Amino acid sequence: MLDRRYSKEIIPSLDGSQTILMGWVHEIRDLGGIIFILLRDREGIIQVTAPSKKTSKELFKKLRKLKKEYVIEVQGTVKKSPKAPRGVEIIPSNVKVLAESQQPLPLDPTGKVKAELDTRLDSRFLDLRRPEISAIFKIKSKMLHFVRVFLEKEGFIEINTPKLVASATEGGTELFPITYFEREAFLGQSPQLYKQMMMASGLDKVYEIAPIFRAEEHDTPRHLNEVISIDIEAAFMNHEDVMKILEKLIVKVIKDVKRHCKDELEILGRELETPKLPFERLEYEEVVEIVNSSGVHLKHGEDLSRAAEKALGETMPGYYFIKSWPTNIKPFYVMPKEDDPNKSYAFDLMYRDLEVSSGAMRVHEHDLLVERIKRQGLNPISFKSYLSAFKYGMPPHAGWGLGAERFTMALLDIKNIRETVLFPRDRRRLTP
RNA sequence: GCCCUGGUGGUGUAGGGGCUAUCAUGCGGGCCUGUCGAGCCCGCGACUCGGGUUCAAUUCCCGGCCAGGGCGCCA
(Lines give C-alpha, C1' and ligand atoms only; values in the text may rest on other atoms or scores of the structure.)
Protein backbone atom coordinates (compact mmCIF):
# COMPACT_ATOMS: atom_id res chain seq x y z
CA MET A 1 0.00 0.00 0.00
CA LEU A 2 1.33 3.41 -0.95
CA ASP A 3 1.65 6.16 1.63
CA ARG A 4 -0.47 9.22 1.35
CA ARG A 5 1.39 12.28 0.18
CA TYR A 6 0.55 15.95 0.61
CA SER A 7 0.17 18.04 -2.53
CA LYS A 8 3.26 20.05 -1.62
CA GLU A 9 5.37 16.90 -1.70
CA ILE A 10 4.54 16.24 -5.33
CA ILE A 11 7.43 17.71 -7.28
CA PRO A 12 8.51 17.27 -10.92
CA SER A 13 11.42 14.99 -10.00
CA LEU A 14 8.94 12.34 -8.83
CA ASP A 15 7.93 11.92 -12.50
CA GLY A 16 6.64 8.44 -13.19
CA SER A 17 6.12 7.34 -9.60
CA GLN A 18 2.84 6.12 -8.12
CA THR A 19 1.19 8.07 -5.35
CA ILE A 20 -1.93 8.53 -3.26
CA LEU A 21 -3.45 11.88 -2.35
CA MET A 22 -6.40 12.73 -0.11
CA GLY A 23 -8.20 15.99 -0.18
CA TRP A 24 -11.03 18.19 -1.35
CA VAL A 25 -12.14 18.98 -4.88
CA HIS A 26 -11.17 22.63 -5.10
CA GLU A 27 -12.13 23.26 -8.72
CA ILE A 28 -13.21 21.23 -11.73
CA ARG A 29 -12.51 22.25 -15.31
CA ASP A 30 -14.27 19.83 -17.60
CA LEU A 31 -13.21 20.56 -21.18
CA GLY A 32 -15.04 17.59 -22.67
CA GLY A 33 -12.15 15.42 -23.77
CA ILE A 34 -9.99 16.29 -20.78
CA ILE A 35 -10.89 16.93 -17.17
CA PHE A 36 -8.79 18.96 -14.76
CA ILE A 37 -9.43 18.58 -11.07
CA LEU A 38 -7.67 20.78 -8.59
CA LEU A 39 -7.20 18.75 -5.43
CA ARG A 40 -6.67 20.75 -2.26
CA ASP A 41 -5.22 19.44 1.01
CA ARG A 42 -3.65 21.00 4.08
CA GLU A 43 -0.43 21.83 2.32
CA GLY A 44 -1.64 23.18 -1.00
CA ILE A 45 -3.21 22.35 -4.34
CA ILE A 46 -2.23 19.81 -7.00
CA GLN A 47 -3.75 19.32 -10.43
CA VAL A 48 -5.22 15.97 -11.34
CA THR A 49 -5.41 15.67 -15.11
CA ALA A 50 -7.57 13.07 -16.84
CA PRO A 51 -7.30 13.00 -20.65
CA SER A 52 -10.06 10.76 -22.06
CA LYS A 53 -7.55 8.79 -24.11
CA LYS A 54 -5.48 7.83 -21.08
CA THR A 55 -8.41 7.28 -18.73
CA SER A 56 -10.72 4.30 -18.51
CA LYS A 57 -14.33 5.02 -19.48
CA GLU A 58 -15.48 4.00 -16.04
CA LEU A 59 -13.11 6.38 -14.25
CA PHE A 60 -13.85 9.21 -16.67
CA LYS A 61 -17.56 8.85 -15.92
CA LYS A 62 -16.82 8.90 -12.20
CA LEU A 63 -14.72 12.04 -12.49
CA ARG A 64 -17.51 13.76 -14.36
CA LYS A 65 -19.80 13.20 -11.36
CA LEU A 66 -17.50 14.95 -8.90
CA LYS A 67 -18.64 18.24 -7.44
CA LYS A 68 -16.90 21.00 -5.56
CA GLU A 69 -15.62 20.14 -2.10
CA TYR A 70 -16.16 16.40 -2.40
CA VAL A 71 -13.54 14.57 -0.37
CA ILE A 72 -11.64 12.19 -2.60
CA GLU A 73 -8.76 9.78 -2.61
CA VAL A 74 -6.73 9.85 -5.81
CA GLN A 75 -4.33 7.14 -6.85
CA GLY A 76 -2.23 7.90 -9.87
CA THR A 77 1.05 8.60 -11.56
CA VAL A 78 3.09 11.73 -11.08
CA LYS A 79 3.73 13.42 -14.40
CA LYS A 80 6.17 16.20 -15.01
CA SER A 81 4.56 18.71 -17.38
CA PRO A 82 5.41 22.31 -18.20
CA LYS A 83 1.72 22.86 -18.96
CA ALA A 84 0.64 22.02 -15.42
CA PRO A 85 0.65 24.48 -12.52
CA ARG A 86 3.94 24.06 -10.60
CA GLY A 87 5.16 21.89 -13.50
CA VAL A 88 3.66 18.68 -12.18
CA GLU A 89 0.33 16.88 -12.20
CA ILE A 90 -1.30 13.55 -11.36
CA ILE A 91 -2.67 11.20 -14.02
CA PRO A 92 -5.30 9.27 -12.06
CA SER A 93 -5.68 5.51 -12.20
CA ASN A 94 -8.30 5.34 -9.48
CA VAL A 95 -10.47 7.86 -7.62
CA LYS A 96 -12.54 7.10 -4.53
CA VAL A 97 -15.23 9.44 -3.25
CA LEU A 98 -14.84 9.50 0.54
CA ALA A 99 -17.50 12.12 1.21
CA GLU A 100 -19.91 14.14 -0.85
CA SER A 101 -20.65 17.83 -0.39
CA GLN A 102 -24.01 19.51 -0.68
CA GLN A 103 -24.48 22.32 -3.18
CA PRO A 104 -24.49 25.26 -3.11
CA LEU A 105 -21.82 25.98 -0.51
CA PRO A 106 -22.36 28.64 2.18
CA LEU A 107 -19.29 30.42 0.89
CA ASP A 108 -16.75 30.02 -1.88
CA PRO A 109 -13.53 28.33 -0.72
CA THR A 110 -11.70 29.46 -3.84
CA GLY A 111 -12.20 33.05 -2.72
CA LYS A 112 -13.38 34.18 -6.15
CA VAL A 113 -16.48 35.67 -4.57
CA LYS A 114 -15.68 37.56 -1.38
CA ALA A 115 -17.59 36.76 1.79
CA GLU A 116 -18.00 39.02 4.79
CA LEU A 117 -16.36 38.16 8.10
CA ASP A 118 -19.71 37.41 9.68
CA THR A 119 -20.63 34.95 6.92
CA ARG A 120 -17.20 33.39 7.16
CA LEU A 121 -17.41 32.92 10.91
CA ASP A 122 -20.78 31.23 10.55
CA SER A 123 -19.10 28.64 8.32
CA ARG A 124 -15.66 28.78 9.83
CA PHE A 125 -14.71 25.21 8.82
CA LEU A 126 -15.27 26.18 5.18
CA ASP A 127 -13.51 29.49 5.65
CA LEU A 128 -10.46 27.60 6.93
CA ARG A 129 -10.26 25.77 3.61
CA ARG A 130 -8.87 28.98 2.12
CA PRO A 131 -5.08 28.92 2.41
CA GLU A 132 -4.86 32.56 3.50
CA ILE A 133 -7.11 31.76 6.45
CA SER A 134 -5.48 28.53 7.56
CA ALA A 135 -2.11 30.28 7.29
CA ILE A 136 -3.10 32.55 10.20
CA PHE A 137 -3.74 29.58 12.47
CA LYS A 138 -0.68 27.66 11.36
CA ILE A 139 1.38 30.70 12.33
CA LYS A 140 -0.51 31.16 15.60
CA SER A 141 0.24 27.53 16.44
CA LYS A 142 3.94 28.01 15.71
CA MET A 143 4.00 31.27 17.65
CA LEU A 144 2.64 29.55 20.77
CA HIS A 145 5.08 26.71 20.27
CA PHE A 146 8.06 29.06 20.05
CA VAL A 147 6.84 30.98 23.09
CA ARG A 148 6.89 27.72 25.05
CA VAL A 149 10.32 26.76 23.74
CA PHE A 150 11.68 30.19 24.71
CA LEU A 151 10.18 30.24 28.20
CA GLU A 152 11.28 26.67 28.95
CA LYS A 153 14.80 27.60 27.89
CA GLU A 154 14.65 30.60 30.24
CA GLY A 155 13.82 28.21 33.06
CA PHE A 156 10.07 28.75 33.32
CA ILE A 157 7.74 25.96 34.44
CA GLU A 158 4.34 25.63 32.80
CA ILE A 159 1.44 25.67 35.23
CA ASN A 160 -2.33 25.39 35.00
CA THR A 161 -4.54 27.48 37.22
CA PRO A 162 -8.31 27.19 37.63
CA LYS A 163 -10.69 28.92 35.29
CA LEU A 164 -13.60 28.33 37.65
CA VAL A 165 -13.15 30.83 40.43
CA ALA A 166 -15.11 31.79 43.53
CA SER A 167 -14.47 35.46 43.89
CA ALA A 168 -16.10 38.31 42.06
CA THR A 169 -14.46 40.81 44.34
CA GLU A 170 -11.20 41.41 42.52
CA GLY A 171 -12.78 44.61 41.32
CA GLY A 172 -12.56 46.16 37.91
CA THR A 173 -13.57 44.03 35.00
CA GLU A 174 -16.91 42.27 34.83
CA LEU A 175 -16.93 38.50 35.32
CA PHE A 176 -19.14 35.86 33.78
CA PRO A 177 -21.22 34.28 36.54
CA ILE A 178 -21.90 30.55 36.34
CA THR A 179 -23.64 27.97 38.46
CA TYR A 180 -21.26 25.84 40.50
CA PHE A 181 -23.53 23.22 42.08
CA GLU A 182 -25.43 25.09 44.80
CA ARG A 183 -23.15 28.13 44.61
CA GLU A 184 -22.34 30.94 42.27
CA ALA A 185 -18.92 30.95 40.68
CA PHE A 186 -17.21 32.86 37.90
CA LEU A 187 -15.02 32.35 34.88
CA GLY A 188 -11.47 33.51 35.54
CA GLN A 189 -10.53 36.92 34.20
CA SER A 190 -6.81 36.42 34.74
CA PRO A 191 -4.41 33.92 36.34
CA GLN A 192 -2.85 36.89 38.17
CA LEU A 193 -3.60 35.94 41.76
CA TYR A 194 -2.74 32.27 41.25
CA LYS A 195 0.54 32.84 39.49
CA GLN A 196 1.53 35.24 42.27
CA MET A 197 0.68 32.60 44.86
CA MET A 198 3.07 30.31 42.99
CA MET A 199 5.85 32.76 43.82
CA ALA A 200 5.48 31.63 47.41
CA SER A 201 5.78 27.99 46.32
CA GLY A 202 9.46 28.03 45.39
CA LEU A 203 8.84 27.27 41.72
CA ASP A 204 10.47 30.63 41.03
CA LYS A 205 9.53 31.07 37.40
CA VAL A 206 6.16 29.99 36.05
CA TYR A 207 4.11 30.55 32.94
CA GLU A 208 0.63 29.72 31.78
CA ILE A 209 -0.97 29.85 28.37
CA ALA A 210 -4.72 29.67 28.84
CA PRO A 211 -8.06 31.33 28.16
CA ILE A 212 -9.25 34.30 30.16
CA PHE A 213 -12.82 35.56 30.23
CA ARG A 214 -14.03 39.14 30.48
CA ALA A 215 -17.68 40.05 30.58
CA GLU A 216 -17.16 43.56 29.28
CA GLU A 217 -19.60 44.79 26.67
CA HIS A 218 -16.81 46.06 24.51
CA ASP A 219 -17.51 45.95 20.84
CA THR A 220 -14.33 46.79 18.98
CA PRO A 221 -11.96 45.11 16.51
CA ARG A 222 -9.46 44.66 19.36
CA HIS A 223 -11.55 43.01 22.08
CA LEU A 224 -13.10 39.62 22.65
CA ASN A 225 -14.77 38.10 25.69
CA GLU A 226 -12.58 35.00 25.55
CA VAL A 227 -8.92 35.22 24.63
CA ILE A 228 -5.69 33.35 25.26
CA SER A 229 -3.33 34.97 27.69
CA ILE A 230 0.37 34.18 27.83
CA ASP A 231 1.28 34.88 31.45
CA ILE A 232 4.56 34.71 33.30
CA GLU A 233 5.55 35.43 36.89
CA ALA A 234 9.12 35.32 38.17
CA ALA A 235 10.49 35.50 41.69
CA PHE A 236 13.55 37.57 42.60
CA MET A 237 13.00 39.74 39.54
CA ASN A 238 11.96 43.34 39.10
CA HIS A 239 9.98 45.05 36.36
CA GLU A 240 13.08 45.68 34.26
CA ASP A 241 14.08 41.99 34.42
CA VAL A 242 10.73 40.79 33.10
CA MET A 243 10.62 43.54 30.48
CA LYS A 244 13.90 42.17 29.18
CA ILE A 245 12.42 38.68 29.05
CA LEU A 246 9.40 40.03 27.20
CA GLU A 247 11.33 41.91 24.54
CA LYS A 248 13.69 38.99 24.07
CA LEU A 249 10.71 36.70 23.66
CA ILE A 250 9.08 38.96 21.06
CA VAL A 251 12.24 39.15 18.98
CA LYS A 252 12.98 35.43 19.27
CA VAL A 253 9.45 34.42 18.31
CA ILE A 254 9.47 36.79 15.32
CA LYS A 255 12.77 35.30 14.15
CA ASP A 256 11.47 31.75 14.61
CA VAL A 257 8.21 32.49 12.81
CA LYS A 258 10.12 34.08 9.94
CA ARG A 259 12.30 31.01 9.66
CA HIS A 260 9.64 28.33 10.04
CA CYS A 261 6.54 29.89 8.47
CA LYS A 262 7.93 31.13 5.16
CA ASP A 263 5.12 29.66 3.06
CA GLU A 264 2.38 31.00 5.32
CA LEU A 265 3.90 34.47 5.49
CA GLU A 266 4.14 34.49 1.71
CA ILE A 267 0.51 33.45 1.33
CA LEU A 268 -0.42 36.35 3.61
CA GLY A 269 1.94 38.74 1.83
CA ARG A 270 3.50 39.64 5.17
CA GLU A 271 7.10 40.78 5.34
CA LEU A 272 8.02 40.52 9.01
CA GLU A 273 10.70 42.82 10.31
CA THR A 274 12.77 41.79 13.29
CA PRO A 275 12.71 44.62 15.84
CA LYS A 276 15.95 45.84 17.38
CA LEU A 277 16.77 45.27 21.04
CA PRO A 278 16.27 46.89 23.43
CA PHE A 279 12.79 48.27 22.75
CA GLU A 280 12.34 51.94 23.45
CA ARG A 281 11.14 52.68 26.98
CA LEU A 282 8.92 55.72 27.33
CA GLU A 283 8.07 57.15 30.72
CA TYR A 284 4.35 57.67 31.19
CA GLU A 285 5.03 61.40 31.59
CA GLU A 286 6.81 61.47 28.21
CA VAL A 287 3.81 59.77 26.65
CA VAL A 288 1.51 62.47 27.98
CA GLU A 289 3.78 65.10 26.38
CA ILE A 290 3.92 63.29 23.04
CA VAL A 291 0.16 62.84 22.93
CA ASN A 292 -0.57 66.44 23.89
CA SER A 293 1.95 67.88 21.44
CA SER A 294 0.23 65.88 18.68
CA GLY A 295 -2.96 67.78 19.40
CA VAL A 296 -4.79 65.08 21.36
CA HIS A 297 -5.71 66.18 24.85
CA LEU A 298 -4.54 63.88 27.68
CA LYS A 299 -4.42 64.85 31.35
CA HIS A 300 -1.62 63.72 33.63
CA GLY A 301 -2.76 60.72 35.62
CA GLU A 302 -5.30 59.50 33.05
CA ASP A 303 -5.27 56.21 31.20
CA LEU A 304 -4.75 56.41 27.44
CA SER A 305 -7.86 57.10 25.41
CA ARG A 306 -8.17 55.49 22.04
CA ALA A 307 -7.30 58.82 20.41
CA ALA A 308 -4.17 58.97 22.59
CA GLU A 309 -3.15 55.44 21.57
CA LYS A 310 -3.57 56.35 17.92
CA ALA A 311 -1.55 59.54 18.31
CA LEU A 312 1.21 57.52 19.97
CA GLY A 313 1.06 54.88 17.27
CA GLU A 314 1.73 57.59 14.69
CA THR A 315 4.93 58.58 16.51
CA MET A 316 6.14 55.14 17.53
CA PRO A 317 6.49 52.75 14.60
CA GLY A 318 7.08 49.31 16.17
CA TYR A 319 7.25 47.75 19.64
CA TYR A 320 7.88 50.02 22.65
CA PHE A 321 7.32 50.09 26.38
CA ILE A 322 5.43 52.63 28.45
CA LYS A 323 6.62 52.54 32.07
CA SER A 324 6.14 54.35 35.36
CA TRP A 325 2.37 54.43 35.12
CA PRO A 326 0.40 56.36 37.76
CA THR A 327 -0.25 53.99 40.63
CA ASN A 328 -3.93 54.76 40.97
CA ILE A 329 -4.92 53.69 37.45
CA LYS A 330 -3.18 50.34 37.86
CA PRO A 331 -4.34 47.30 39.88
CA PHE A 332 -3.67 46.93 43.61
CA TYR A 333 -0.91 44.37 43.15
CA VAL A 334 1.46 46.70 41.25
CA MET A 335 4.33 48.04 43.28
CA PRO A 336 4.38 51.80 43.88
CA LYS A 337 7.78 53.43 43.55
CA GLU A 338 9.48 53.83 46.93
CA ASP A 339 10.58 57.40 46.29
CA ASP A 340 7.34 58.50 44.57
CA PRO A 341 4.35 56.32 45.49
CA ASN A 342 2.14 58.06 42.95
CA LYS A 343 4.17 56.34 40.26
CA SER A 344 4.42 52.58 39.89
CA TYR A 345 6.61 49.87 38.47
CA ALA A 346 3.90 48.96 35.97
CA PHE A 347 4.58 48.84 32.24
CA ASP A 348 2.74 48.19 29.01
CA LEU A 349 4.17 46.80 25.82
CA MET A 350 2.70 48.50 22.78
CA TYR A 351 2.85 47.68 19.10
CA ARG A 352 2.09 50.95 17.35
CA ASP A 353 -1.36 51.85 18.75
CA LEU A 354 -2.11 48.41 20.17
CA GLU A 355 -1.47 47.34 23.75
CA VAL A 356 -0.17 43.79 23.51
CA SER A 357 1.07 43.18 27.05
CA SER A 358 1.05 44.69 30.48
CA GLY A 359 3.03 43.81 33.55
CA ALA A 360 4.72 45.07 36.66
CA MET A 361 6.87 44.42 39.62
CA ARG A 362 4.38 43.33 42.27
CA VAL A 363 3.77 44.21 45.87
CA HIS A 364 5.20 41.33 47.91
CA GLU A 365 4.79 42.78 51.43
CA HIS A 366 1.59 41.58 53.04
CA ASP A 367 0.70 44.76 54.91
CA LEU A 368 1.29 47.03 51.94
CA LEU A 369 -0.82 44.74 49.78
CA VAL A 370 -3.70 44.91 52.28
CA GLU A 371 -3.44 48.66 52.29
CA ARG A 372 -3.45 48.77 48.48
CA ILE A 373 -6.51 46.52 48.33
CA LYS A 374 -8.36 48.81 50.73
CA ARG A 375 -7.26 51.92 48.86
CA GLN A 376 -8.88 50.49 45.70
CA GLY A 377 -12.15 50.11 47.55
CA LEU A 378 -11.90 46.33 47.80
CA ASN A 379 -12.33 44.08 50.79
CA PRO A 380 -9.20 42.22 52.01
CA ILE A 381 -11.40 39.47 53.47
CA SER A 382 -12.31 38.31 49.98
CA PHE A 383 -8.61 37.92 49.25
CA LYS A 384 -7.89 35.76 52.27
CA SER A 385 -6.35 32.75 50.52
CA TYR A 386 -4.39 35.00 48.16
CA LEU A 387 -3.10 37.12 51.03
CA SER A 388 -2.03 34.14 53.10
CA ALA A 389 0.59 33.38 50.45
CA PHE A 390 2.21 36.69 51.41
CA LYS A 391 2.57 35.81 55.10
CA TYR A 392 5.09 32.98 55.09
CA GLY A 393 7.94 34.11 52.91
CA MET A 394 6.90 35.74 49.65
CA PRO A 395 9.89 36.74 47.55
CA PRO A 396 9.92 39.93 45.50
CA HIS A 397 8.55 39.17 42.05
CA ALA A 398 7.38 40.55 38.75
CA GLY A 399 5.47 39.34 35.72
CA TRP A 400 3.37 40.15 32.71
CA GLY A 401 0.51 38.95 30.56
CA LEU A 402 0.76 38.93 26.78
CA GLY A 403 -2.41 38.65 24.71
CA ALA A 404 -1.89 35.80 22.23
CA GLU A 405 -4.42 37.23 19.78
CA ARG A 406 -3.15 40.80 20.05
CA PHE A 407 0.36 39.49 19.43
CA THR A 408 -0.90 37.55 16.39
CA MET A 409 -2.53 40.75 15.11
CA ALA A 410 0.79 42.57 15.49
CA LEU A 411 2.73 39.73 13.84
CA LEU A 412 0.47 39.50 10.83
CA ASP A 413 -0.85 43.06 10.61
CA ILE A 414 -4.43 41.88 11.17
CA LYS A 415 -7.00 44.59 11.85
CA ASN A 416 -9.80 42.56 13.44
CA ILE A 417 -9.04 40.27 16.39
CA ARG A 418 -11.81 37.92 15.25
CA GLU A 419 -9.57 36.91 12.35
CA THR A 420 -7.09 35.43 14.85
CA VAL A 421 -9.52 33.16 16.72
CA LEU A 422 -11.10 30.05 15.22
CA PHE A 423 -14.42 30.56 16.98
CA PRO A 424 -14.46 34.06 18.44
CA ARG A 425 -16.66 35.02 21.37
CA ASP A 426 -17.83 38.60 21.31
CA ARG A 427 -20.76 40.62 22.63
CA ARG A 428 -23.21 38.76 20.39
CA ARG A 429 -21.49 35.74 18.97
CA LEU A 430 -21.72 32.53 21.00
CA THR A 431 -21.93 30.07 18.08
CA PRO A 432 -20.41 28.26 16.43
C1' G B 1 -23.99 51.16 26.16
C1' C B 2 -23.60 55.58 22.53
C1' C B 3 -22.87 57.72 17.37
C1' C B 4 -22.61 56.88 11.98
C1' U B 5 -23.59 53.58 7.85
C1' G B 6 -25.89 49.41 6.11
C1' G B 7 -29.13 44.57 5.67
C1' U B 8 -31.56 42.58 -2.00
C1' G B 9 -30.69 34.92 -4.95
C1' G B 10 -26.04 30.18 -1.57
C1' U B 11 -22.06 34.25 -1.80
C1' G B 12 -20.69 39.31 -3.16
C1' U B 13 -23.35 43.45 -5.36
C1' A B 14 -26.60 47.43 -8.55
C1' G B 15 -31.13 49.76 -8.01
C1' G B 16 -35.50 51.72 -6.41
C1' G B 17 -43.37 54.22 -4.24
C1' G B 18 -46.51 50.63 -9.28
C1' C B 19 -42.66 47.77 -14.82
C1' U B 20 -40.22 40.45 -15.93
C1' A B 21 -35.60 43.74 -9.54
C1' U B 22 -29.14 44.61 -12.20
C1' C B 23 -24.49 42.22 -12.53
C1' A B 24 -20.83 38.61 -11.12
C1' U B 25 -20.01 34.09 -8.96
C1' G B 26 -22.67 29.74 -7.83
C1' C B 27 -26.16 25.81 -8.90
C1' G B 28 -28.79 22.48 -12.87
C1' G B 29 -28.42 21.08 -18.15
C1' G B 30 -25.74 21.22 -22.98
C1' C B 31 -21.05 21.98 -26.12
C1' C B 32 -15.74 21.73 -25.96
C1' U B 33 -8.67 17.42 -25.41
C1' G B 34 -4.24 21.73 -21.91
C1' U B 35 -7.55 24.39 -18.43
C1' C B 36 -4.89 27.36 -14.73
C1' G B 37 -10.30 33.69 -12.47
C1' A B 38 -11.20 28.40 -18.72
C1' G B 39 -14.85 29.71 -22.60
C1' C B 40 -19.75 29.60 -25.09
C1' C B 41 -25.33 28.50 -24.97
C1' C B 42 -30.00 27.55 -22.04
C1' G B 43 -32.21 27.50 -17.33
C1' C B 44 -32.66 28.21 -11.60
C1' G B 45 -32.43 31.27 -7.46
C1' A B 46 -33.36 37.20 -3.55
C1' C B 47 -35.72 42.54 -1.42
C1' U B 48 -33.83 41.26 7.51
C1' C B 49 -38.27 41.13 10.96
C1' G B 50 -42.55 43.86 13.22
C1' G B 51 -45.55 48.13 12.99
C1' G B 52 -47.01 52.71 10.36
C1' U B 53 -48.02 56.11 5.99
C1' U B 54 -50.24 55.03 1.06
C1' C B 55 -54.99 52.90 -3.70
C1' A B 56 -50.08 50.49 -3.77
C1' A B 57 -43.91 49.60 0.34
C1' U B 58 -38.50 45.78 -1.43
C1' U B 59 -38.17 51.35 -1.76
C1' C B 60 -40.64 56.37 2.75
C1' C B 61 -41.21 56.68 8.51
C1' C B 62 -40.65 54.29 13.56
C1' G B 63 -38.91 50.16 16.36
C1' G B 64 -36.40 45.28 16.89
C1' C B 65 -32.54 42.02 15.41
C1' C B 66 -27.94 41.60 12.92
C1' A B 67 -23.44 43.48 10.53
C1' G B 68 -19.34 47.10 9.38
C1' G B 69 -16.83 51.55 11.13
C1' G B 70 -15.96 54.97 15.25
C1' C B 71 -16.11 55.61 20.60
C1' G B 72 -16.95 54.17 25.60
C1' C B 73 -16.15 50.22 29.02
C1' C B 74 -11.68 46.97 29.59
C1' A B 75 -8.90 45.80 38.53
Side-chain angles (χ1 to χ4, degrees), chain A residues 26-38 45-55 60 64-65 67-69 79 81-89 91 101-123 126-127 130 167-175 188-190 192-193 212-225 227 303-310 325 327-334 344 346 348 355 358 360 372-373 375-379 382-383 386 401 403 406 415-418 426-429:
Chain A
H26 189 64
E27 285 190 77
I28 305 160
R29 300 203 187 93
D30 183 349
L31 274 63
I34 186 165
I35 300 173
F36 299 98
I37 289 157
L38 300 186
I45 292 169
I46 182 85
Q47 177 165 283
V48 177
T49 302
S52 59
K53 271 187 190 167
K54 293 182 189 169
T55 311
F60 206 71
R64 193 147 268 169
K65 279 190 198 153
K67 288 174 186 172
K68 284 190 174 184
E69 299 304 318
K79 193 187 158 208
S81 163
K83 285 183 281 187
R86 281 175 42 223
V88 68
E89 61 193 4
I91 309 299
S101 169
Q102 287 182 220
Q103 312 289 336
L105 298 150
L107 56 81
D108 172 17
T110 69
K112 271 185 276 187
V113 182
K114 294 261 170 298
E116 291 188 5
L117 180 59
D118 193 48
T119 306
R120 291 169 38 213
L121 292 176
D122 282 339
S123 301
L126 269 172
D127 190 37
R130 293 168 55 207
S167 176
T169 54
E170 287 177 36
T173 198
E174 296 290 321
L175 296 159
Q189 60 175 134
S190 159
Q192 182 62 34
L193 273 36
I212 58 173
F213 305 90
R214 307 226 160 148
E216 296 297 335
E217 303 217 358
H218 35 46
D219 195 2
T220 83
R222 302 172 306 281
H223 291 90
L224 287 175
N225 297 292
V227 292
D303 205 350
L304 300 186
S305 64
R306 185 63 192 137
E309 285 180 340
K310 280 182 174 172
W325 284 83
T327 305
N328 60 188
I329 57 169
K330 286 290 174 182
F332 63 80
Y333 48 78
V334 315
S344 73
D348 281 3
E355 179 193 328
S358 66
R372 297 270 306 132
I373 289 171
R375 179 97 45 101
Q376 301 253 351
L378 301 166
N379 187 354
S382 357
F383 295 90
Y386 167 69
R406 291 259 179 112
K415 301 300 178 205
N416 193 324
I417 196 168
R418 279 156 258 248
D426 63 27
R427 180 65 187 86
R428 292 182 192 84
R429 183 175 285 278

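As the structure is a prediction and not an experimental result, all values here were calculated from the model. Chain identifiers are assigned alphabetically (A, B, ...) following the order of the sequence lines, protein sequences preceding nucleic acid strands; residue numbering begins at 1 within each chain.
Taking atom P in both B:rG1 and B:rG63, one finds a spacing of 15 Å when rounded to whole Å.
Classified by interplanar angle (parallel below 30°, tilted 30° to 60°, perpendicular above 60°), the ring pair A:Y386/A:F332 is perpendicular.
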Under a 4.0 Å heavy-atom criterion, the protein footprint on nucleotides 24-31 of chain B, written with B, S and -, is -SSSS---

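Taking 4.0 angstrom as the limit, A:R428 places a side-chain polar atom (N or O) nearer than this to OP1 or OP2 of B:rC66. Taking 4.0 angstrom as the limit, A:T49 places none of its side-chain polar atoms (N or O) nearer than this to OP1 or OP2 of B:rG34. The phosphate of B:rG1 has OP1 or OP2 within less than 4.0 Å of a side-chain N or O from A:R427. The side chain of A:K415 contributes no N or O atom lying less than 4.0 Å from OP1 or OP2 of B:rG69.
Legend: residues meeting salt bridge (Lys or Arg N to Asp or Glu O under 4.0 Å) with A:K112, ordered by chain and number and at least two apart, are A:E27. Qualifying side-chain contact (heavy atoms from CB on, under 4.5 Å) partners for A:P109, counting only residues two or more places apart in sequence or in other chains: A:R40, A:E69, A:L105, A:L126, A:R129. For A:A346, the side-chain contact (heavy atoms from CB on, under 4.5 Å) criterion is met by A:W325, A:K330, A:V334, A:S344, A:A360, not counting sequence neighbours. Taking the salt bridge (Lys or Arg N to Asp or Glu O under 4.0 Å) definition, one finds that A:E217 meets it with A:R427, sequence neighbours left out. The salt bridge (Lys or Arg N to Asp or Glu O under 4.0 Å) test applied to A:D303 returns no partner, not counting sequence neighbours.
When distances are taken from the side chain of A:T119 to each of B:rC71, B:rG12, B:rG1, the shortest belongs to B:rG12.
The base of B:rG10 lies outside donor-acceptor range of the side chain of A:Q102, with no N or O pair under 3.5 Å. For a distance-only test at 3.5 Å, the side chain of A:S52 qualifies as a donor-acceptor partner of the base of B:rU33. Remark: the A:H223 side chain and the B:rC74 base include a donor-acceptor N/O pair separated by less than 3.5 Å.
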